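Have a look at the structure below before the remarks.
All values reported here derive from a predicted model rather than from experimental measurement. Sequential numbering from 1 along the given sequence is applied to the chain's residues.
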Amino acid sequence: MELGLVGLGKMGGNMRERIRRAGHTVHGYDRNPDVADVHSLQELVGRLSGPRVVWVMVPAGGPTQSTIDELAGLLEPGDVVVDGGNSRWTDDEKHAGELAEKGIGFVDCGVSGGVWGLENGYALMYGGDQEDVAKVQPIFDALKPEGDFGSVHAGKVGAGHFAKMVHNGIEYAMMQAYAEGWELLEKVDSVTDVREVFRSWQEGTVIRSWLLDLAVDALDEDEHLDGLRGYAQDSGEGRWTVEAAIDHAVPLPAITASLFARFASRQEDSPQMKMIAALRNQFGGHAVEKK
């Protein structure tokens, strides 16, 4: 099968390689000419035989919208666009509607696997009409991990990115739990080897996971994480998960708390903690620390 792939960054570049290893032809376009196979979207579309499938792996929002807008003017009825980036699910419905006016199909696909995906495969969650999904299926099969799992047609347009969003919200909460446990272990005098405690959890416990394995790897590189600053960015999907929970009146206390914890990481001197310290001093005479 032939595929046009737009965006050859950390994820897109490895995806191109994995798809090629499965025997498919990939024409890749990127703004960086050093990694691109073609040098424009027009050239990319011209390389493909119909019905064409073009997979977009660019940042969500404006970059994705402008790419889809340009592709809408280049593709023909029966072709399919796949958005494999981290777009918000509400954008998927908009994109599908715009492309449908020209007879072009649309599939949204949440992709998880990071830098390990090239060798291990990518977990895929995709949404769209069955007819459009079928045109992309050989590529899904090439990208997914070996075995029976790791790939799902989650539902209608938007379902793929919604499923990936919830996946990332769960990921936020799991990482926060590991981080809080690590900090507590580091704080007490009685535990003298926190790294080995984490390592001992990798077998035979209910909290063993790939994230735990990665935590142990990080501690092997820097046992007390002294080389890192306590700052964590959020990609947006954690926020969208919480917003969706509010819209649907679904309680998500753990995921919401993990998102707010990331916000706290960006405050070197938390204004909220200043007020809490002041109130504790006022009502209980508790000591405060002056700058």
Side-chain angles (χ1 to χ4, degrees), residues 1-5 7-26 28 53-57 80-87 89 92 105-175 177-178 198-218 220 235 237 241 255:
M1 172 175 175
E2 287 185 308
L3 177 75
L5 182 59
L8 302 171
K10 292 179 181 178
M11 287 279 282
N14 282 345
M15 289 168 63
R16 174 176 61 176
E17 178 61 24
R18 185 172 176 87
I19 295 167
R20 284 176 173 172
R21 289 180 183 179
H24 302 290
T25 299
V26 183
V53 175
V54 179
W55 188 303
V56 178
M57 286 294 292
V80 175
V81 172
V82 182
D83 180 4
N86 286 327
S87 294
W89 82 97
D92 295 326
F106 177 83
V107 174
D108 63 287
C109 183
V111 181
S112 182
V115 297
W116 301 91
L118 174 59
E119 299 300 331
N120 297 342
Y122 299 88
L124 305 173
M125 298 141 271
Y126 38 91
D129 294 341
Q130 183 59 51
E131 181 182 355
D132 295 328
V133 168
K135 295 175 182 177
V136 192
Q137 194 64 55
I139 302 302
F140 292 146
D141 292 341
L143 287 171
K144 69 179 288 294
E146 293 184 9
D148 296 331
F149 305 107
S151 176
V152 60
H153 184 181
K156 299 182 292 185
V157 165
H161 281 142
F162 196 94
K164 175 59 162 47
M165 176 195 74
V166 174
H167 165 280
N168 282 25
I170 294 170
E171 177 185 294
Y172 273 47
M174 291 176 66
M175 287 193 290
Y178 284 128
F198 261 58
R199 197 187 311 279
S200 75
W201 294 344
Q202 289 181 279
E203 299 292 341
T205 74
V206 296
I207 65 167
R208 63 188 186 272
S209 72
W210 187 23
L211 279 175
L212 178 62
D213 295 341
L214 295 175
V216 172
D217 290 345
D220 281 339
S235 63
E237 288 147 310
T241 306
I255 292 174

Check whether [X] reaches the backbone of [Y] with its side chain - one donor and one acceptor, N or O, closer than 3.5 Å.
X: D108; Y: G160; answer: yes
X: H161; Y: G85; answer: yes
X: H153; Y: G128; answer: yes

What is the minimum heavy-atom distance between [X] and [Y], and which atoms define it?
X: A142; Y: R18; value: O-NE, 3.1 Å
X: I255; Y: A173; value: CG1-CB, 4.0 Å
X: M125; Y: S112; value: CE-CB, 4.4 Å
X: F140; Y: L124; value: O-CD1, 3.4 Å
X: F149; Y: K144; value: O-NZ, 3.4 Å
X: Y178; Y: L212; value: OH-CB, 3.7 Å

Can you tell me how far apart [atom1] ([X]) and [atom2] ([Y]) are? Round to the nearest 0.5 Å.
X: L8; Y: E17; atom1: CG; atom2: CD; answer: 11.5 Å
X: K156; Y: D92; atom1: NZ; atom2: CG; answer: 13.0 Å
X: D141; Y: H24; atom1: CG; atom2: NE2; answer: 7.5 Å
X: I19; Y: I139; atom1: CD1; atom2: CD1; answer: 5.0 Å
X: M11; Y: N86; atom1: CE; atom2: CG; answer: 7.5 Å
X: E171; Y: S209; atom1: CD; atom2: OG; answer: 10.5 Å

With a 4.5 Å limit on heavy-atom distance, are the side chains of [X] and [Y] in contact?
X: V26; Y: W55; result: no
X: V216; Y: W201; result: no
X: V53; Y: V82; result: yes
X: L214; Y: D217; result: yes

Do NZ/NE/NH1/NH2 and the carboxylate oxygens of R21 and E119 come within less than 4.0 Å?
yes
Begin with the C-alpha distance, continue with both residues' side-chain angles, and end with the deciding distance and a verdict on side chain to side chain donor-acceptor pair (under 3.5 Å) for E237 and H167.
CA-CA 9 Å; E237 288 147 310; H167 165 280; over 6 Å; no
Taking the six-membered ring for Trp, are W89 and F162 parallel (under 30°), tilted (30 to 60°) or perpendicular (over 60°)?
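Correct class here is perpendicular.
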Q130 atom CD, neighbour heavy-atom count above 12 within 6.0 Å
yes
Considering residues at least two apart in sequence or located in another chain, which fulfil the side-chain hydrogen bond (donor to acceptor under 3.5 Å, both in side chains) criterion with [X]?
X: N14; value: none
X: D132; value: none
X: R199; value: E196, D220

Stepwise side-chain contact (heavy atoms from CB on, under 4.5 Å) check, T25 with L3:
CA-CA 6 Å; T25 299; L3 177 75; over 6 Å; no
